Structure formats: structure tokens, C-alpha cells
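These numbers were taken from a predicted model, which means no experiment stands behind them.
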Amino acid sequence: LEAKEEFSHKTRAMDVMRPRKSDPPLTVITQDTMTVEDVETIVTSTTYSGYPVVVSRASQRLVGFVLRRDLIISIENARKKQDGIVSTSIICFTDYCPPLPPSSPSVLKLRSILDLSPFTVTDETPMEIVVDIFRKLGLRQCLVTHNGKLLGIITKKDVLKHIAQMANQDPDSILFN
Ligand code: ADP
């Protein structure tokens, strides 16, 4: 019992977050450089509930979080109803979209579906605290940063699996909602 308690104290956000070391990197969307087609490829090739939006892949500075279903609906609507939105249109999550040459297709502005203050913890945060935050704030996901750079994500299900592991239970036996 003592050993387990000690272990649970030592587990930190970095131990529970995805991606794990051997996993492919986090799937992110950049704030003003991806096209409609790029984002459509992301939502069709992955099943994640949401995606962090970053300034650029190189910087990994977090701008916000966008839900998969909001992206799908907004792009579908824009393609149907908004003039000039095509596969090569740039998607822009910022207030001021970068100026493009006059010949380029219309920009799709999606700032309104971006959650500008997604909950974040640092990679060193003890999981005890993360669990507490999920419970108290009713979070569905939380982003993990190190020195202000985005590192990973922890979902509610990741937290429940972690709790189940701590309790030495079969994760599948816990009812997820
Ligand atoms: P759930 O955890 O409820 O199944 P998701 O489908 O969003 O929710 O996530 C599935 C797994 O993928 C989780 O372990 C989560 O940490 C991870 N994950 C979620 N979003 C992303 C993302 N954008 N890039 C990489 N991994 C992610």
C-alpha cells in the first residue's frame, strides 16, 4: 500500500499525457498557415475530439483549442455558403489575418470557434492535482506545457484510466461518460 501511495505521489502530468515518447507528435493546427484541405485531412485522418492551435509548428506556442465537431461543421458550412472558400483557402484563427496576394482565394476566418483559454498545466504538475482539477472544473481535456511550449494533452478518459491503474483495476471496467 505504501509503495503504491508513493508511486501515485510521483506520477506527474508528463507521465500521463499523450503523446508518449514512442508516439507520433501531437496533432496540432497552426493559427494562420493551414489550408481548408490541410485541416480536412487532419479531421478525416484522426478521431481526436479536438486539436490545440499553435502559432507555428516550430514555436509550439499555444493559441487555443478547437473541437473537431466545430471544425467539421464550420468548414462544411463555409464550403456551401461562403463565396470563394475552396480547398486552397487559408484558415485563420487570429484577429488579423496575414495579407495574401490578391489572386489567392478567400480566407476562412474561424476565430469564433477557438477556445482562447484552454486549461493548461505544466509537465511537472503532480497527477493528484490534475485529477483534482478535472473533478472540480469538470474538464474534458487539459493541455500540458513546458516553459510555455505545448507538450501534450490529457483527456478525461486518460485521467480515468490513470485512476483505474492507480487502483489496480481493469480500466475497461470503469464506466466512462
Ligand atoms: P478520449 O480520450 O476520450 O478517447 P480523444 O479521442 O480526443 O478522447 O483522445 C484519444 C487519445 O488521444 C487520448 O489518449 C488523448 O490523450 C490523445 N489525444 C487527444 N487529442 C490529441 C491530439 N490532438 N493529438 C494527439 N493525441 C491526442
Side-chain angles (χ1 to χ4, degrees), residues 4 6-72 74-75 91-94 110 113-177:
K4 201 164 74 190
E6 208 186 318
F7 178 59
S8 79
H9 282 299
K10 278 184 182 161
T11 311
R12 287 172 294 180
M14 65 172 85
D15 306 316
V16 174
M17 69 170 202
R18 303 301 158 114
R20 295 288 164 83
K21 276 210 177 88
S22 53
D23 290 344
L26 199 63
T27 303
V28 297
I29 294 177
T30 54
Q31 65 176 0
D32 57 9
T33 53
M34 284 187 171
T35 62
V36 164
E37 193 177 13
D38 293 335
V39 174
E40 281 172 340
T41 303
I42 288 176
V43 296
T44 50
S45 62
T46 63
T47 58
Y48 305 128
S49 312
Y51 307 90
V53 174
V54 293
V55 172
S56 65
R57 271 192 210 283
S59 75
Q60 289 293 311
R61 295 278 162 201
L62 183 66
V63 176
F65 191 79
V66 65
L67 291 178
R68 171 201 179 72
R69 60 159 190 271
D70 291 342
L71 272 177
I72 293 173
S74 301
I75 293 176
I91 293 189
C92 183
F93 290 95
T94 54
L110 291 184
I113 61 166
L114 187 65
D115 173 0
L116 287 164
S117 39
F119 208 90
T120 61
V121 294
T122 70
D123 55 345
E124 305 277 357
T125 309
M127 272 312 288
E128 268 184 306
I129 292 175
V130 175
V131 169
D132 217 40
I133 293 169
F134 264 83
R135 286 210 176 107
K136 289 188 174 141
L137 301 183
L139 298 183
R140 302 212 63 94
Q141 70 276 314
C142 172
L143 298 171
V144 182
T145 60
H146 179 82
N147 286 341
K149 285 191 180 193
L150 180 64
L151 270 196
I153 185 167
I154 299 175
T155 65
K156 181 178 171 183
K157 217 182 258 189
D158 293 329
V159 170
L160 289 171
K161 280 184 194 159
H162 164 74
I163 294 170
Q165 267 167 21
M166 289 294 112
N168 264 341
Q169 282 176 17
D170 174 12
D172 291 329
S173 73
I174 290 201
L175 271 184
F176 299 121
N177 53 42

Quick check: closest heavy atoms across [X] and [Y], and the distance to 0.1 Å?
X: Gly152; Y: Pro19; answer: CA-CD, 4.3 Å
X: Pro52; Y: Thr27; answer: CD-O, 3.5 Å
X: Leu139; Y: Cys142; answer: CD1-CB, 4.2 Å
X: Ser74; Y: Asp70; answer: OG-O, 2.7 Å

What I'd like to find out is whether the side chain of [X] reaches to under 4.5 Å of the side chain of [Y], using heavy atoms alone.
X: Leu26; Y: Ile153; result: yes
X: Val159; Y: Val131; result: yes
X: Val53; Y: Val28; result: no
X: Lys157; Y: Thr155; result: yes
X: Arg68; Y: Tyr51; result: yes
X: Leu143; Y: Phe65; result: yes
X: Phe93; Y: Asp32; result: no
X: Met127; Y: Ile154; result: yes

Under 3.5 Å, sequence neighbours excluded: what are the donor-acceptor pairs made by side chains of residues 35-43?
residue: Thr35; atom: OG1; partner: Glu37; partner atom: N; Å: 3.4
residue: Thr35; atom: OG1; partner: Asp38; partner atom: N; Å: 3.0
residue: Thr35; atom: OG1; partner: Asp38; partner atom: OD1; Å: 3.3
residue: Thr35; atom: OG1; partner: Asp38; partner atom: OD2; Å: 3.1
residue: Asp38; atom: OD2; partner: Thr35; partner atom: N; Å: 2.9
residue: Glu40; atom: OE1; partner: Arg79; partner atom: NH2; Å: 2.9
residue: Glu40; atom: OE2; partner: Arg79; partner atom: NE; Å: 2.7
residue: Glu40; atom: OE2; partner: Arg79; partner atom: NH2; Å: 3.4
residue: Thr41; atom: OG1; partner: Glu37; partner atom: O; Å: 2.8

[Y] backbone acceptor or donor facing [X] side chain under 3.5 Å:
X: Asp15; Y: Arg12; value: yes
X: Arg18; Y: Asp158; value: no
X: Ser56; Y: Ser59; value: yes

Side chain to side chain contact (heavy atoms under 4.5 Å, CB included) evaluation trace for Gln141 with Lys156: CA-CA 6 Å; Gln141 70 276 314; Lys156 181 178 171 183; over 6 Å; no
Result of checking Leu110, Leu114, Ile91, Leu71 against Ile29 for side chain to side chain contact (heavy atoms under 4.5 Å, CB included):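 Of all the options given, the one that passes is Leu71.
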To the nearest 0.5 Å, tell me how far [X] [atom1] sits from [Y] [atom2].
X: Leu151; Y: Thr120; atom1: CG; atom2: OG1; value: 11.5 Å
X: Asn147; Y: Gln60; atom1: CG; atom2: CD; value: 13.5 Å
X: Phe134; Y: Leu160; atom1: CZ; atom2: CG; value: 9.0 Å
X: Met166; Y: Glu128; atom1: CE; atom2: CD; value: 10.5 Å

Any chance CZ of Arg20 has more than 12 other-residue heavy atoms, nucleotides or ligands included, within less than 6.0 Å? yes
List the steps and the verdict of side chain to side chain contact (heavy atoms under 4.5 Å, CB included) for Thr122 and Val144. CA-CA 5 Å; Thr122 70; Val144 182; over 6 Å; no
